[in-house]
There are 2 protein chains.
Amino acid sequence: MASMESLPAPLDLSHHFSDVTNNREASDVKKFYKYFTTPGMHNLAAGWPHMSFFPYDTLEASAAHPQRFEPSQNANASAHHEHVKSQQAPPASHLKVPKESKDTNALGKIDLETALQYGTAEGLAPLHSFVRQFVRDHLHPNVPYANGPEVALTCGSTDGFGKTIEALTNPWIEHKNSLPEKEGILCEEFAYMNAIQAVRPRGLNIVPVATDSYGMKPWGKGGLADILENWDLSKGKRPHLMYTVTLGQNPTGAIIPTPRRKVIYALCQTYDIIIIEDEPYWNLQFPSAMKKLSTVEGHAMDNRNYNEHGRSSGYEFLDSLVPSYMSMDEDGRVVRIDTFSKSIAPGCRLGWLTAQPAIVERITRITEATTQNPSGFVQVMVAGLIKGQQEGVPTSRKDAKSAEAWELDGWVRWLEGLRGAYERRMQAMCKVFDEGKFVAVVAKGADADSWSMINKVPMYEFEWPMAGMFVWLKVRCDTHPLIGKYGAEKVCAALWVFLTQEPFMCLTAPGLMFAPTDSVRSYAFQYLRLCFAPMPEDEVADYAQHFTAGCRAFWQLNNFDDIPDFDTSMIANLRLPTC
Amino acid sequence: MASMESLPAPLDLSHHFSDVTNNREASDVKKFYKYFTTPGMHNLAAGWPHMSFFPYDTLEASAAHPQRFEPSQNANASAHHEHVKSQQAPPASHLKVPKESKDTNALGKIDLETALQYGTAEGLAPLHSFVRQFVRDHLHPNVPYANGPEVALTCGSTDGFGKTIEALTNPWIEHKNSLPEKEGILCEEFAYMNAIQAVRPRGLNIVPVATDSYGMKPWGKGGLADILENWDLSKGKRPHLMYTVTLGQNPTGAIIPTPRRKVIYALCQTYDIIIIEDEPYWNLQFPSAMKKLSTVEGHAMDNRNYNEHGRSSGYEFLDSLVPSYMSMDEDGRVVRIDTFSKSIAPGCRLGWLTAQPAIVERITRITEATTQNPSGFVQVMVAGLIKGQQEGVPTSRKDAKSAEAWELDGWVRWLEGLRGAYERRMQAMCKVFDEGKFVAVVAKGADADSWSMINKVPMYEFEWPMAGMFVWLKVRCDTHPLIGKYGAEKVCAALWVFLTQEPFMCLTAPGLMFAPTDSVRSYAFQYLRLCFAPMPEDEVADYAQHFTAGCRAFWQLNNFDDIPDFDTSMIANLRLPTC
């Protein structure tokens with residue numbers, strides 16, 4: 001691979017910027033910062049409360065060691081590399097962020113004086129620089145445009161997506177604008193609805209693309225090429241955006257294999273589409289799914305892009321993963337959205353986005369006028385966790401560095417440990433679902449006295465997820481004895497409510513919650529999304545057994561009279577909280 | 001005053017909502033939450049990582065006691081009430097937020113299980129409920145509409161303002177929209193520019209209103225009535241928004257007295273204007289300024305609205321303050337923006353907004369699609385600070401409550417202590433400025449040999465600020481010996497640069513940074529904003545002396561040849577970081 005500097009520059013895609021985004025002035029705050037940072041300057045300019053006014057003298061935490069969870073073996077690992085076993089590691093260490101670090105290097109200055117003061121939209125220097133380095137050198141070491149991508153910290157994925165949409169779409173108002181002006185966004189057939197709901201008020205066409213077990217389909221009826229080639233311009237512009245989750249799709253758990261990814265990217269080049277790639281589950285690619293992926297679409301293939309065709313990430317774990325669209329983004333048309341919600345905690349409200357510098361610059365202007373930067377509390381606690389304890393000792397002096405610092409190695413180890421823990425949960429759940437798939441039902445003859453026969457029928461079908469946190473399960477309502485009486489939609493609605501009742505008490509996510517349009521809603525009611533993340537680890541199988549027991553009991557019902565409130569419209573209107 | 005329930009409802013102001021805001025669907029997430037909170041329910045629906053995945057087992061802090069700073073005496077206090085002296089109080093206590101609180105009451109549950117998980121746009125229950133109670137019962141106990149205002153947590157004032165603007169303005173695009181469609185926003189003659197810059201890209205008319213020592217002028221040339229009565233509809237709609245800082249205005253330090261406030265509010269009623277009132281300095285009203293306020297505009301008056309005309313806040317300190325527009329908002333046309341940036345720390349990125357429920361509801365829909373909620377890290381650390389330590393002990397048991405909890409009393413005491421500390425800083429700075437105002441300059445005759453005379457001239461003029469963090473100082477460039485040679489603009493630019501040089505090294509905020517339009521820029525260059533917040537307390541006078549010494553030296557210069565880079569355009573283009 002060519003060195004980064006000799007690669008072509010990304011394309012100028014500024015024609016995609018919204019009117020308001022084009023109007024934003026370039027920031028020149030940095031001119032003033034030159035004076036702020038002059039040693040000896042008496043700052044009478046900034047309206048900054050002196051740090052003595054902050055009521056916190058330290059922030060502290062009891063923090064996990066990065067070895068807390070046991071990893072899975074990598075799919076293509078030659079030998080399982082050595083891990084410190086979780087039982088050998090001490091359970092936690094004490095993290096302490098002091099009021100004032102003596103470190104004169106901004107990248108090492110992890111203290112309250114800095115983190116709790118006003119900051120720039122770029123974010124806290126030690127955190128921003130860590131994320132930037134991780135993204136450019138380890139997560140996406142092979143972005144094929146000159147000087148690689150830029151990153152911007154966000155207040156989580158929803159914030160990152162909201163700002164991207166603000167930067168790249170003009171609102172379309174029914175009584176003010178004409179139909180051919182209407183913009184559009186492509187998404188998966190079953191999609192993460194919080195993103196879709198965030199776009200809707202701006203009046204965009206929502207355009208679902210057909211999917212199968214390997215994610216969004218480039219070809220075939222309803223596939224990407226079909227939609228773009230046959231676009232009817234009278235109902236709006238051809239979509240210039242795509243929203244997609246490619247590594248453990250929510251809700252289907254699919255990974256798009258590299259060859260299919262290349263076709264989709266080429267189509268986006270042809271039709272000038274910006275890809276907004278949202279990847280909260282990228283590190284949760286399960287080795288147990290890799291075999292399936294390696295023989296995808298009839299031929300053997302290696303989806304790992306790193307070792308053979310470019311720079312290694314430096315980590316066997318990262319090298320073994322299917323890379324994102326960033327790794328083939330020669331045009332600079334990918335905006336990738338990341339979050340700490342799954343790798344640290346959802347309550348962080350901290351993430352980042354990655355794109356070509358000109359796009360990141362425009363989004364940073366939005367940040368300056370809205371959130372300014374993520375909370376200094378979470379920035380400094382995450383920086384402190386990863387970059388080490390800072391009891392007033394300069395981090396630049398290697399010997400003074402705390403033994404408990406995660407550093408890059410620890411961060412990658414933590415991500416790998418999470419994958420191990422989630423894979424074990426996934427397996428525990430899917431094993432129960434596999435074993436409990438069938439039920440014996442009595443098929444009766446036409447009148448009550450006639451013969452009856454016991455049939456073994458499937459209650460649902462599903463594939464083990466390749467990645468992520470979810471099992472996507474299709475209810476085989478057609479096998480339910482009462483299908484003739486109630487019809488498919490009511491059987492599915494009744495099942496959902498029945499499962500929430502004693503003694504099963506299982507709350508599942510109805511498929512309708514993931515249907516971006518009415519046409520998808522017409523069949524999405526048959527699906528359920530089940531998550532193996534929220535319960536304690538040793539209760540995953542038990543939760544799953546409650547589910548299968550509930551299904552079995554439901555297939556024995558003679559009528560739905562005792563199920564309260566199971567009308568289909570109630571379920572159609574349920575809205576899942578963000579996740 | 002009538003009971004809150006018997007008051008009239010606020011007006012329906014939904015005609016002010018933007019198109020996109022009108023398009024946002026009402027949220028029905030709560031339907032689903034009913035199931036989440038059912039005891040015994042097996043949650044297989046939500047994509048929530050189990051709390052065992054969070055790498056923090058506790059969050060902790062060394063936190064100040066609320067008595068850390070000595071208050072000022074209240075202006076109208078009958079007797080100085082007892083304070084625990086800061087030297088008597090222990091310096092700090094240890095705050096510890098556990099992973100899992102056993103408290104079953106959501107309002108008392110201050111733990112990581114809740115704070116670091118996904119939450120609702122409403123925010124962390126113990127923090128939201130504290131803020132709501134503080135706002136409704138103590139900060140604005142006399143809002144004159146039925147059932148009082150609602151609050152929404154924000155990611156700081158900039159975020160609160162950004163969402164308010166998103167809710168209440170439609171973008172206007174030069175090549176797409178006609179001039180009469182252009183919307184507008186009123187602001188002070190000298191204004192907080194980050195707010196103005198946030199509105200500009202949306203294409204609004206920015207309409208400054210004349211101000212004097214008591215803030216925005218309702219009457220007179222360029223006053224509010226003049227602007228609204230004589231509005232030229234060909235250049236856009238009459239502004240339907242006002243952005244204003246009324247309690248320690250940035251940059252002028254003015255407080256709008258209650259009688260003037262009533263006139264402005266009545267004008268906003270007449271012309272159907274929504275008032276966006278941004279008050280980061282409301283608690284920094286200096287008793288030393290109250291005398292000036294009590295004889296404002298020729299007649300004696302009491303600006304305290306609380307005791308005489310309504311409910312007391314329950315605190316002498318709060319009762320003694322000039323109340324905001326909220327206290328006269330019978331229509332529900334005030335959106336008040338608050339922040340923890342000055343009362344806790346800017347890095348919190350935490351604040352709230354207060355308005356009638358229908359406006360808060362629309363803004364909450366925006367929050368769901370963007371920031372979701374403030375970071376759980378800051379929410380739980382602020383909740384922990386104010387609502388007490390939570391080492392697994394239910395807060396509902398009074399006897400188990402930690403001795404270190406601030407509670408409402410401590411929070412109000414902390415705010416009062418901050419005012420004391422800032423007032424002492426203000427006095428230290430203004431004393432130096434008063435004493436150093438004049439300089440002796442040599443006035444020379446026409447030729448070098450002729451007589452010369454020493455004149456004592458003022459270098460600047462200013463009023464002691466009534467509130468806030470800033471001194472607004474007018475440079476008397478007309479007294480500078482070189483005014484004839486360079487002109488006013490260059491003298492002021494040269495002074496700004498000269499002050500940043502050795503040995504004075506004073507960084508000040510040029511007046512141009514606070515000029516919202518070109519016409520204000522034409523005279524704003526004469527002003528400087530000086531802040532007494534950012535330096536250590538015992539260095540305020542020294543910083544001020546560096547400033548006055550720099551001015552004196554500048555008035556002695558024979559030419560500006562040695563001042564580097566002092567051209568006016570450089571200063572015109574300086575942009576202050578947020579503050």
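Computed over heavy atoms, backbone and side chain alike; hydrogens, waters and symmetry mates excluded. Residue numbers begin at 1 in each chain, while the letters A, B, ... track the order of the sequences.
Within the 4.5 Å cutoff, side-chain heavy atoms of P49(A) are placed close to those of P346(B). At a threshold of 4.5 Å between non-hydrogen side-chain atoms, the residues E166(B) and T370(A) do not count as touching. Within the 4.5 Å cutoff, the side chain of P534(A) has no heavy atoms near those of the Y118(B) side chain. Under the 4.5 Å side-chain criterion, counting only non-hydrogen atoms from C-beta, H175(A) is in contact with D19(B). Here the side chains of T158(A) and E368(B) are not in contact, with every heavy-atom distance at 4.5 Å or above.
The structure places CZ of F69(A) at 5.5 Å from CZ of F53(B), a figure rounded to the nearest 0.5 Å. From E174(A), atom CD reaches atom CG of N22(B) across 13.0 Å, with rounding to the nearest 0.5 Å. Between the CG atom in D538(A) and the OG atom in S52(B) there is a gap of 9.5 Å [rounded to 0.5 Å]. The distance from atom NE2 of H42(A) to atom CD of Q545(B), rounded to the nearest 0.5 Å, is 10.5 Å. Note that OG1 of T38(A) and CD of E502(B) are 10.0 Å apart. Values are rounded to the nearest 0.5 Å. Distance check: T500(B) OG1 to Y35(A) OH gives 5.0 Å after rounding to the nearest 0.5 Å.
Contacts of K176(A) with chain B are made by side-chain atoms alone, with heavy-atom separations under 4.5 Å and no backbone atom involved. For chain A, the nearby parts of L59(B) are the backbone and the side chain; heavy atoms of each come within less than 4.5 Å. Contact of M51(B) with chain A is not made at all, since no heavy-atom distance falls under 4.5 Å. Q379(A) does not touch chain B: none of its heavy atoms, backbone or side chain, sits under 4.5 Å away. Interface residue A115(A): only backbone heavy atoms are found under 4.5 Å from chain B. Residue contact with chain B, scored on non-hydrogen atoms closer than 4.5 Å, involves the backbone of F504(A) exclusively. In this structure, the portion of P39(A) lying under 4.5 Å from any heavy atom of chain B is its backbone and not its side chain.
When each of I344(B), L528(B), L350(B), T508(B) is checked for heavy-atom pairs under 4.5 Å with chain A, I344(B) comes out on top. Ranking C506(A), G347(A), S157(A) against chain B, the residue ahead of the rest is G347(A), based on heavy-atom pairs under 4.5 Å. Highest contact tally toward chain A, considering only P201(B), A533(B), A64(B), is held by P201(B) [criterion: heavy-atom pairs under 4.5 Å]. Your options are R202(B), M469(B), E537(B), M381(B), and the one with the most heavy-atom pairs under 4.5 Å with chain A is M381(B). Counting heavy-atom pairs under 4.5 Å between each of N23(B), L116(B), V540(B) and chain A puts L116(B) at the top. Per-residue counts of heavy-atom pairs under 4.5 Å with chain A were compared for C531(B), G417(B), G162(B), A369(B); the largest is that of C531(B). Most heavy-atom pairs under 4.5 Å with chain B, from the set Y422(A), F54(A), F532(A): that is Y422(A). The choice from C155(B), P374(B), G468(B), S341(B) that makes the most heavy-atom pairs within less than 4.5 Å of chain A is S341(B). Heavy-atom pairs under 4.5 Å with chain B were tallied for A421(A), A544(A), P536(A); the largest tally goes to P536(A).
The backbone N or O of S62(A) lies less than 3.5 Å from a partner atom in the side chain of T58(B), making a donor-acceptor pair. Judged by distance alone, with hydrogens and angles left aside, the side-chain atoms of S375(A) form a donor-acceptor pair with the main-chain N or O of C348(B) at under 3.5 Å. Side-chain atoms of Y56(B) do not come within 3.5 Å of backbone N or O of L385(A) as any donor-acceptor pair. Side chain of R68(B) to backbone of P55(A): no donor-acceptor contact under 3.5 angstrom is found. The main-chain N or O of G376(B) is never found under 3.5 Å from a side-chain atom of R349(A) such that the two would form a donor-acceptor pair. Of the possible donor and acceptor atoms, none in the side chain of D159(B) sits under 3.5 Å from a partner among the backbone N and O of T371(A).
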Run the side chain to side chain contact (heavy atoms under 4.5 Å, CB included) check on H50(B) and R425(A) step by step: do they pass?
CA-CA 11 Å; H50(B) 186 257; R425(A) 285 167 173 262; 3.7 Å; yes

Pair L44(A), R529(B) - check side chain to side chain contact (heavy atoms under 4.5 Å, CB included), show working.
CA-CA 8 Å; L44(A) 293 148; R529(B) 190 194 73 176; over 6 Å; no

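Checked against ring-ring contact (aromatic ring centres under 6.0 Å, His included), F340(A) has the following partners two or more places apart in sequence or in another chain: W352(A), W411(A).
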